[in-house]
Structures are given as C-alpha cells and as structure tokens.
Number of protein chains: 2
Amino acid sequence: MEAVKSAKDLVTTRDDVVAGFRWQAEEKALRANEFSAVADHFYYKAGKVGEIKGVDDIVADDRLYRFALGACALSAKAAQQLGRETCREIIGSTINFARVAEIEYQAELERRYFLTCGDALGGSMRNAIGQRAQNKLSDYVCQYLSDGQINHHVERNGGGKITEVRWAHRVLVFDRKPKFIGKNIDFILLDAGEYKTSLLEVPHKLLACGELKGGIDPAGADEHWKTARAALDRVRDAFKDRGLQSPALFFVGAAIEQSMAAEIFAQLTNGTLAAAANLHHQGQLAELAKILTNL
Amino acid sequence: MEAVKSAKDLVTTRDDVVAGFRWQAEEKALRANEFSAVADHFYYKAGKVGEIKGVDDIVADDRLYRFALGACALSAKAAQQLGRETCREIIGSTINFARVAEIEYQAELERRYFLTCGDALGGSMRNAIGQRAQNKLSDYVCQYLSDGQINHHVERNGGGKITEVRWAHRVLVFDRKPKFIGKNIDFILLDAGEYKTSLLEVPHKLLACGELKGGIDPAGADEHWKTARAALDRVRDAFKDRGLQSPALFFVGAAIEQSMAAEIFAQLTNGTLAAAANLHHQGQLAELAKILTNL
DNA sequence: TAGACTCGAGTGT
DNA sequence: CACACTCGAGTCT
C-alpha cells in the first residue's frame, strides 16, 4: 500500500490517543444529564411525606423503581437476570424506608444511584465508541463513492446506524454473521445488487471481509488485534475448508501499537491482508476505500 | 469424570447466576462509600468562600484534583494517557469556577464525579470477581489437601491473594506466563519442591495447566470459554511444536451455558481436557482437585 | 430469544 | 513502562 510504506506508518500517534480520550470525556459529559431526571423524581417524591412508605410505592413508579435498582447497585443486566421478584425483595431489604425522609439518607441513595449509572454510562460509551468508528469508516466509503461520482444508497437501522451501503453491483454490510463462517464479521462486501440474508451463505458472493477495532486504549490494542486476526483467520479457514480462495481481507484499527504494527505490515506484505489502515490516518483510509471499491 | 456424566451436569444453574449477581450488588454496595470522602472534601472546600478560585487551587489538593478529574468524566486510565498538563487544561475549561459556590452547581459536579466513580467501581469489581474465583479454587485445593492430611504451604502476595500452594513435590502457581508458551496461564502445577521462575521454562516440569473463568454473566460465558479454549490450545501447540506431550489441561468456569457445555464435555470425553468443573459444583471441584493432586 | 458482539474500567507483571 | 490480564456495562442480531 502506498500509504503504508512501513510498520511505523500504522502506529497510532500520541496525539490521536489524547484526542480519543478527550472525545470520550466530552461525550460522557454530554450524556451525564440523562440520569438526573430519575434522581430528581426521587427527591420530589421523597420530599412529600408518605409518598414512599415501602417497596410497593417504588415498584409502582417506573422512575422510582429504576432509581431504587441503581441505589441497590443493580445494573439493568443484573436486574434482568435476577427477575422482578428478586429485585423487589432486594430493594425491600436494602432501602431503609424509615429514613427515606432524611436529607442525608436521600443523598446517600443518590450517590449510590449515580455510581450504578456511571457503570451503565461506561457500557453505553463502549458501544458508542465502536459505533463512531464504524460511522467514520462508512462515511469514508460514501465520501469516496461521492468523489468518484458513483451513485450509492445508505440503509440505516432504527438508531440511525449505517447497516448497509449499496452501489453499482456491490453491497457493503456491517456486523453480519455468515453461518458457514460462524463468526460475526465487522464488514463484508457482497457482489450483489441488493442485500439478502441468504447471500451471506454463498461464499463466492463475499468479495471482502474486514475487521474494525475502534477502541483507542493502548492497553487493549494488542488484545483486540489478536481477536481481529483470529476472526480473519477463521474466514480464511472457512474458505479453505471448502477449497475456495479466500476473499480480500482488511483490518482497520484506531489503536495500533508498535509490536502489532509489525505483524500487520508483515501480513500486508505477504498478501494475507489486502489492506490495512489506521482509522485516524486519512491517506490510509482513502487507499483502503479505493481498494475496496475496486474489487 | 464421575461428577460430569453429561454436558448438562456442567451447566450453571439459574440459582447460581442469581447468587452471583446478588453477591456483586452486595459487594458494590460495601465499596460504595470509598468515594464519598473525596466528594465530602470538595463540599467542605467549596463551602469556604475563596478556597477554590481556579485550577491552581484544585491541582494543589490531591482530593480536589481527583474530584475534578471525575467531575470532568476522566477515568484514571484517561488521566494517565492525557498527562497532568492536559488534565489541568481540561479541568480549567470544564469547571465553571464562577459557579463553584452555588449549591446547585456543586450538586451537578458531585453527580458527575460519582458517575465516573461508578465506572471505576465496575472495573475494580471485575478484578475482584476474578480474584474471588481464584480464591475459591485455591481454597478448595487446600481443603482437599487438608482432608487428605497432606501437609501444604500457602504463599500469598501483599494483597493476601494466594499465589502459590506447595505440597510433597508439587507447586501450584497462579497467573504465570511461561515464555515458551507466550500466554498467561491461570494455574500451573509444577513438578518441583519449590517455585522458581526458571521452572516455567522447563516444559516437562509442567504437569498441568488450567484456565479459570470466574465471571457469572451468561452473556460473557461463551466468549470467555473461547478465550480459555484458545489459551489451552496454545499450550498444547507449544508442547507439540517441541515434540512433547501436552500436560494435563483443566477448565473451571463459573458461567457455563448449554452450548459450551457440550464442547467442554466433548473435550473431556476425547481426552483433550483432563478435567473440567463448574466453579459452583462442589462435587466437580473435588474431583478436579483429586485429579490434580494425583498427577 | 439466546448469544455474541462493542470496549475500557481497574490490576498485575 | 508497555502490555496483557480480570470481566460485565450496554447493544445488536
């Protein structure tokens, strides 16, 4: 690749790491208010004498219920596993209803509620980070198509996330799992006019498979690369098992450290990977888009 | 194995899942107060007019600094990556010092601080969950040795965590990484009177290698089993590459789902795994301890 | 609907 | 210090 002349070209710069963590902090700050309404509602109710006398009053009010779950350190995941009855019981034995009118106790419950929300916010952010990376990549592809005056259509799911980009006789789909591979692939380029689930099971329709890792944390970089590499190996094996040639394989990462950069570069050189790019490197992304659209 | 007559015997019961999430909630609640001192200190300082006029006043006071980082949605990990200077700058541009004396603004900052702490608490909990599983397993081995009146010694690190159990001419060590395998192994049984780092590089001294997954979340079960399986495969390959026979391989998991149970059982049946146990199943643990100590 | 994804929160070497 | 561990917080298929 022109934009990757050596392993070093792939390595994420300190500035990009800093920018990534900065964005995360900003985005978290923006989302921080989402949880306040529930807490405020609790204060409102707790301030009116007799409104919260026992578990029943909490279970009957969705916002109070969510507040109480958080105050009891129960995540949505935990609450789902425990079931409504067990949650009710835990709330009953954890919240001291005799003290609900006390300002100090209210503050304590509030703090516990926000602690739980913080973990939830962290979880949402991890998804958002992955999503943002996917958007960045799909936007690049669309941009590339627009620049080349190639007509294309974008499909989005309910949440506005791009699930599919269509052009000419090509469909790029995200997060699909061909059964014959048995692994979820971050993006797949299909040789087809439109997407159908069944296409995923026709090996020769898969022109390319790619893994995208959007995390910026250097501590996770190597681990995520290993996972990606294993996933791509799995693709290659699935094709080999059927006596077919492997499709073009891609890797895009936001956090690329020195040691993994060497491995990626080696795979680029020996043709195992058709293209690789650092998500923060425009030139590399552009070249990847070019290779992808020329398949 | 006597205690594992079918795949179903390995599957984690709903009760164990519930108990696991309950424990997590209780443990989180116990740790919830750790963060209050810093917040209280902020209130104390913010309450005294003129004590917090700008960034300098915050950076100079460690507790205020930690509070401010949290209020700016910066985790310890992020703060480390950004560096002190950038953090200082972010604090300066995020905190509105003109409003620090306002009760409402103080409450808003407090909420943000606790959100960040919640994510931190979640991270600590994940480590604690893994630690607890390791304790449970090592306690079990010690118990088994005691029951058999086998003299043994336990070594602990600074934090009280068991790092090593010694008996007869055997040493069981936790979380070590033999360079010739290149992977961290959760527990390794060595044929030796005492532990030395160099022993890890002598393949025939490794009598057994085991992976332990302590998480209770069903959603993570399969993923963690895959990681464990890959790690054990890596061990087998490292021995095979040297023309040596693989040591006995073990798997212990707290969350075992139907589909992975079938895979584990198949590996038990064909001898790939020497033993496997559900961490919550005493009989299976006992048998695993027996197999381990009889090697 | 169960299962497998997103990724970084802390911790240890 | 760089890296590789712990695992579950949401989310999508």
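In what follows, chains are A, B, ... by sequence order, proteins preceding strands, each numbered from 1. The basis for the numbers below is simple: all heavy atoms, side chains too, and nothing from hydrogens, waters or symmetry mates.
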(Q) If we count only N and O atoms by modelled type, under 3.5 Å, do the side chains of A/Gln81 and B/Arg14 hold a donor and an acceptor together? (A) yes

Q. Is A/Leu121 touching bases, backbone alone, or none of the nucleic acid, heavy atoms closer than 4.0 Å?
A. nothing

Q: Looking at every strand, decide which applies to A/Asp186 at a 4.0 Å heavy-atom threshold: base, sugar-phosphate, or nothing.
A: sugar-phosphate

Q | Side chains of A/Ser75 and A/Asp119, donor plus acceptor under 3.5 Å | A | no

Q: Let me know, please, whether A/Lys177 or A/Gly214 comes out on the 5' side of the other along DNA chain C by nearest nucleotide.
A: A/Lys177

**Q.** For DNA chain C, the residues among residues 67-84 of chain B that have a non-hydrogen atom under 4.0 Å from it
**A.** B/Ser75, B/Ala76, B/Lys77

Q | Contact residues, residues 123-131 of chain A to DNA chain D [heavy atom, < 4.0 Å] | A | A/Gly123, A/Ser124, A/Arg126, A/Asn127

Q: Can you sort out the partners of B/Glu155 under salt bridge (Lys or Arg N to Asp or Glu O under 4.0 Å), two or more places apart, ordered by chain and number?
A: B/Arg166

**Q.** Within residues 16-39 of chain A, residues whose heavy atoms come under 4.0 Å of DNA chain D
**A.** none

Q: Anything under 30° is parallel, anything over 60° is perpendicular, the rest tilted; go ahead and classify B/Phe187 against B/Phe174.
A: tilted

Q. Which is true for A/Ala120 with a 4.0 Å heavy-atom rule: it touches a base, it touches only sugar-phosphate, or it touches nothing?
A. sugar-phosphate

Q | Along DNA chain C (nearest heavy atom to each residue), the more 5'-positioned of A/Gly182 and A/Gly220 | A | A/Gly182

Q: Taking side chain to side chain contact (heavy atoms under 4.5 Å, CB included) as the test, write out the residues that go with B/Thr13, two or more places apart.
A: B/Asp15, B/Asp16

Q) Does A/Glu27 come within less than 4.0 Å of A/Arg132, counting only side-chain N to carboxylate O? A) no

Q: Please identify each residue that fulfils salt bridge (Lys or Arg N to Asp or Glu O under 4.0 Å) with A/Asp62, with sequence neighbours left out.
A: A/Arg66

Q. For A/Lys213 and C/dT6, is the shortest distance between a side-chain N/O and OP1 or OP2 below 4.0 Å?
A. yes

